[in-house]
J.: 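One structure follows; several queries about it will come next.
Below, read A as the first sequence line, B as the second, and so on, with proteins coming before strands; counting in each chain starts at 1. Hydrogens, waters and symmetry mates are skipped; everything else that's a heavy atom, side chains included, is used. These figures come from a predicted structure and were not determined experimentally.
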Amino acid sequence: MNPATIALIIQAVEAAIKAAPQVEAVAVKGKEWVTSLFEAGLISKATQDAIHSHVDAIRDAFLTGSIPPQWTVEPDPV
Amino acid sequence: MNSAQVTSIVKAGANFVAGILTTHGAAKAASIVNAEDTIGVLVFIAIWVYSHFFQHTDEKEATPTPLPDSKGGGTLPPVVALLFICASLFLLPGCSKDNHRLELGGSYAPATSLTTTNDSGVISTSLTPASAPDFALYSADSTFELAYSALNAAFKIERDNRAFLWKLSPDIKHSLDNIRPDATIAVMTYTRARAEYELHPTPVNLSSMQSALALVQKLASAAAAVTYPATIKQ
């Protein structure tokens, strides 16, 4: 195993660790959403308010130009 | 079918299983390590390492046919494939929520509070609907929130790991860069259509909002799909 390969593996592990919070957040949301599709029930006030306020926050951010940096096109790495 | 193709199928299957583990949680296995969402990531890392060291293309064997949209070479990091699987799961269309009800007093089922006192002096409070619950808006918002999260995660993962992903394939950044401006416009279009619908909840405005939502979903799928085909490319 050459050093370049080892470095690549280390980078891959680091990338996975860095990405884990985002992936986890999406996975949890996805899980909740899929579950809600197949389970009839009452959608609580708290759930409604959370979704509504989150979408409002996204709207406010985009309309005021506070777009998250990852949404903007940045120069290619050198 | 040559060994590379078989390995590719095994990898794709393993990716799928890992996605299920991550999304739904391997309840019992997760309870052991108390980190169900980590399991999928670890499985992907294992697959990636296995692929790197034990899968060698034999020059004498036929090369598997690349997928139509495959660009660049090499194996992309597992987290990107994970993202795709998670995203595709919650972007599944067509499921019904007909059996759901909105609790009164929530943002999508506004209510007014009525306080009464009976003859015994007991005070009670009840909620009466201020307007009809708007399930269409709730459904659109919840779907939008998920599609937005998928887009945001794809963009953030690429940005946070840009140096590494760039080494693997510059196409990842370039493809996401093509999506970023459209996604920004799509999100703004949706929020404007939503605001219009909230002011005037007519079928026309609902349709406009749903059209804008469809575009956000399409871009979310595209952001994930940009990266996935290469993960199973040998």
J.: With B:Gln210, which residues qualify under side-chain hydrogen bond (donor to acceptor under 3.5 Å, both in side chains), at least two apart?
T.: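 Result, side-chain hydrogen bond (donor to acceptor under 3.5 Å, both in side chains) vs B:Gln210: none returned.
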
J.: Please name all residues satisfying salt bridge (charged side-chain N to carboxylate O under 4.0 Å, His left out) with B:Glu103, sequence neighbours left out, ordered by chain then number.
T.: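 Listed in chain order: nothing, the list is empty.
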
J.: Relative to chain B, which segment of A:Ile67 carries a heavy atom at a distance below 4.5 Å: side chain, backbone, both, or neither?
T.: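 Looking at A:Ile67, just its side chain touches chain B.
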
J.: In terms of heavy-atom pairs under 4.5 Å with chain A, which of B:Lys167, B:Arg194, B:Arg192 leads?
T.: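 Heavy-atom pairs under 4.5 Å are most numerous for B:Arg194.
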
J.: What part of B:Lys156 is in contact with chain A, defined as an atom under 4.5 angstrom from a non-hydrogen atom: side chain, backbone, both or neither?
T.: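 Both parts, backbone and side chain.
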
J.: Taking side chain as everything from C-beta outward and backbone as N, CA, C, O, which of these in B:Phe144 sits under 4.5 Å from a heavy atom of chain A? Side chain, backbone, both or neither.
T.: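 Just its side chain gets close to chain A.
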
J.: Roughly how far, to the nearest 0.5 Å, is OG of B:Ser139 from OH of B:Tyr108?
T.: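 That separation rounds to 10.0 Å.
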
J.: Tell me, side chain or backbone of A:Ser53 under 4.5 Å from chain B's heavy atoms, or both, or neither?
T.: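 Neither part.
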
J.: Between B:Pro170, B:Gly106, B:Ala195, who has the most heavy-atom pairs with chain A when the cutoff is under 4.5 Å?
T.: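 The option with the most such pairs is B:Gly106.
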
J.: What part of B:Arg159 lies closer than 4.5 angstrom to a heavy atom of chain A: side chain, backbone, both or neither?
T.: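 The side chain, not the backbone.
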
J.: Quick check for you: to the nearest 0.5 Å, what is the distance between B:Phe164 atom CZ and B:Ile172 atom CD1?
T.: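 So the CZ of B:Phe164 and the CD1 of B:Ile172 are separated by 8.5 Å.
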
J.: Less than 4.5 Å to any heavy atom of chain A: does that hold for the side chain of B:Asn178, its backbone, both, or neither?
T.: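 Neither part.
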
J.: Taking A:Gln48 for the side chain and A:Ile43 for the main chain, is one N or O donor matched with an acceptor at less than 3.5 Å?
T.: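 Looks like yes, one N/O pair under 3.5 Å.
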
J.: Working to the nearest 0.5 angstrom, can you tell me the gap between B:Leu151 CG and B:Leu219 CG?
T.: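 Rounded to the nearest 0.5 Å, the CG-CG separation comes out at 6.5 Å.
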
J.: Can you tell which of A:Leu63, A:Asp56, A:Ile58, A:Thr47 has the highest number of heavy-atom pairs within less than 4.5 Å of chain B?
T.: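 The candidate making the most pairs under 4.5 Å is A:Ile58.
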
J.: A side-chain contact here means heavy atoms from C-beta on lying under 4.5 Å apart; do A:Trp71 and A:Phe62 qualify?
T.: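 Touching, per the 4.5 Å side-chain cut-off.
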
J.: Please state whether the side chain, the backbone, both or neither of B:Ala109 comes within less than 4.5 Å of a heavy atom of chain A.
T.: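 For B:Ala109, heavy atoms of backbone and side chain both lie under 4.5 Å from chain A.
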
J.: Answer with side chain, backbone, both or neither: which region of A:Pro68 has an atom nearer than 4.5 Å to a non-hydrogen atom of chain B?
T.: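 The side chain, not the backbone.
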
J.: Contact between B:Arg180 and B:Leu176 at the side-chain level, heavy atoms closer than 4.5 Å - yes or no?
T.: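 B:Arg180 vs B:Leu176: side chains touch.
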
